[in-house]
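This report concerns only the one structure given below.
Note that ligands are numbered from 1 as they come in the structure, with each ligand's atoms numbered from 1 the same way.
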Amino acid sequence: MNPQGEVQRPLDLMADEVFARSCAGNSSVGILISEEVEEVVAVKAAEAGDFVVSYDPLDGSSNLDVDLSVGTIFAISRLAEGGDAERLPQGQDLLCAGYAIYGPSTMLVLTTGGRVDGFCLDPETDTFVLTHPDMRIARETGEFAINASRRRHWDGVVQDYVAQCIDGPIGPRGKAFNMRWTASMVAEVHRILIRGGVFLYPIDDENRTRGGKLRLLYEAYPMALIVEAAGGRATNGKTDILRIVPDSLHQRTSVVLGSGAEVDRIAAAYEQAERSGDSVHLRQETCG
Ligand code: AHM
Ligand code: MG
């Protein structure tokens, strides 16, 4: 079991070991935060300026047995001057974020905040080649991604949003929507970068006490930095993901990210529900 009480597969642990070993070989890396490790790992005696690397070594690992795409997600910040090695990195501190996706091709998608670039692994030369410069997320989309089997747990905002998408041309949206769900956040975000879309993993009645499903530091933060640098938006429904202040290492959060027009629509619906005092549960930041 990992710190979140989830079953760890052998490849989760191997990926963690490979990632940690390769970071430890870099003298600028001081601290590692991994989905698979309960505590912060100090690679060396931490000094101001050292890099803090938060990562999910193998995201979407429920896909391993069925040979679907999985990936590695990471975010990098620096330990501040006089910094406390135990202080958790915040969204605003991130210098870089990226993911690798192990699909039909292996890609590395990277941002240092200004823009997002995609690199394909050339197995002949063992190098990553810039194949997708300046990836941008279309503001408008007709595609959404959510685990619809959780519908009975959703709050009113998510129920209404998805119902309207499914109603398509005969509903209030007046257009058809397509739906995808891969159970691999890396694959969902990659698809959204390539052809637009919106991804939701909301807090719902079943995961509320845990604070949601996805982890803030090494899943939501890095994906939010990437999505925003590509012109999209990432929120927990109420607060932009990068503005959430963490209070525990493996904290979870609600996530809505992707094409700006759809994320704006969902955020506006939450705001409206809160204003009108609807029975929508808006408690977003909680729980380790
Ligand atoms: P993991 O890090 O244990 O693989 O969990 C995160 C994954 C995400 O990639 C994906 O969006 C989500 O869990 C899928 O959850 P579900 O199985 O509820 O559809
Ligand atoms: Mg994960």
Side-chain angles (χ1 to χ4, degrees), residues 1-20 32-38 53-75 97-103 107 109 143-155 158 162 179-193 197-224 226-227 232 234-237 241 248-258 263 266 287-288:
M1 300 291 223
N2 70 9
Q4 292 97 53
E6 296 156 343
V7 175
Q8 292 172 306
R9 291 172 173 75
L11 259 178
D12 282 320
L13 298 173
M14 287 167 74
D16 184 60
E17 216 180 292
V18 169
F19 195 99
L32 297 178
I33 296 171
S34 167
E35 174 174 330
E36 306 302 337
V37 183
E38 185 144 15
V53 184
S54 315
Y55 65 99
D56 177 353
L58 202 55
D59 183 60
S61 50
S62 71
N63 280 325
L64 288 169
D65 296 341
V66 291
D67 219 7
L68 292 177
S69 294
V70 294
T72 299
I73 312 174
F74 60 89
Y99 62 80
I101 180 164
Y102 315 114
M107 281 195 71
V109 172
E143 194 159 81
F144 67 99
I146 190 165
N147 181 345
S149 70
R150 304 183 64 82
R151 188 171 72 107
R152 66 190 181 284
H153 306 302
W154 295 341
D155 62 34
V158 177
V162 172
M179 198 204 88
R180 287 286 182 273
W181 186 251
T182 65
S184 167
M185 192 193 198
V186 169
E188 315 280 6
V189 170
H190 195 63
R191 187 186 60 251
I192 289 170
L193 279 166
V198 61
F199 166 92
L200 301 92
Y201 210 120
I203 283 191
D204 60 32
D205 284 341
E206 191 274 334
N207 65 30
R208 190 172 310 281
T209 53
R210 300 189 295 281
K213 158 101 187 197
L214 297 173
R215 276 54 56 109
L216 179 63
L217 264 56
Y218 40 79
E219 292 178 325
Y221 268 170
M223 291 313 199
I226 293 168
V227 164
T235 174
N236 65 8
I241 297 282
S248 67
L249 197 62
H250 298 287
Q251 179 170 335
R252 296 172 190 261
T253 180
S254 198
V255 176
V256 178
L257 61 75
V263 180
I266 296 163
C287 305

> Can you list the ligand 1 atoms lying under 4.0 Å from a non-hydrogen atom of Asp56?
Replying inline: 2 (O)
> How many angstroms lie between atom CZ of Phe74 and atom CG of Asp59, to the nearest 0.5 angstrom?
Replying inline: 13.5 Å
>> Show me which atoms of ligand 1 lie under 4.0 Å from any heavy atom of Glu219.
In response: 2 (O), 6 (C)
> Are side-chain heavy atoms of Asp56 and Pro222 found at a separation under 4.5 Å?
Replying inline: no
> Looking only at heavy atoms of Arg150, does any of them come nearer than 4.0 Å to an atom of ligand 1?
Replying inline: no
> Measuring from the heavy atoms of Glu188, does anything fall under 4.0 Å of ligand 1?
Replying inline: no
>> Going by the closest heavy atom to atom 8 (C) of ligand 1, which one wins out of Glu36, Met185, Arg215?
In response: Met185
> Between Phe199 and ligand 1, which part of the residue brings a heavy atom under 4.0 Å of the ligand: side chain, backbone, both or neither?
Replying inline: side chain
>> I'd like to check which ligand 1 atoms, numbered from 1 as shown, lie under 4.0 Å from a non-hydrogen atom of Glu35.
In response: 1 (P), 2 (O), 3 (O)
>> For residues 182-191, which residue pairs pass the salt bridge (Lys or Arg N to Asp or Glu O under 4.0 Å) check, not counting sequence neighbours?
In response: Glu143-Arg191, Glu188-Arg191
> Under the side-chain hydrogen bond (donor to acceptor under 3.5 Å, both in side chains) test, which residues partner Ser34, sequence neighbours left out?
Replying inline: Asp16
>> Show, in sequence, the C-alpha distance, side-chain angles and deciding distance for Ile146 and Val198, and conclude whether the side-chain contact (heavy atoms from CB on, under 4.5 Å) test is met.
In response: CA-CA 9 Å; Ile146 190 165; Val198 61; over 6 Å; no
> Are Phe144 and Trp181 close enough that their ring centers fall under 6.0 Å?
Replying inline: no
> Taking both backbone and side-chain atoms of Ser62, is any N or O found less than 3.5 Å from an N or O belonging to ligand 1?
Replying inline: no
>> Just so I know, are the side chains of Asn207 and Arg150 near enough to count as touching, which here means a heavy-atom distance under 4.5 Å?
In response: yes
> Under a 4.0 Å heavy-atom limit, does Val186 contact ligand 1 with its side chain, its backbone, both, or neither?
Replying inline: neither
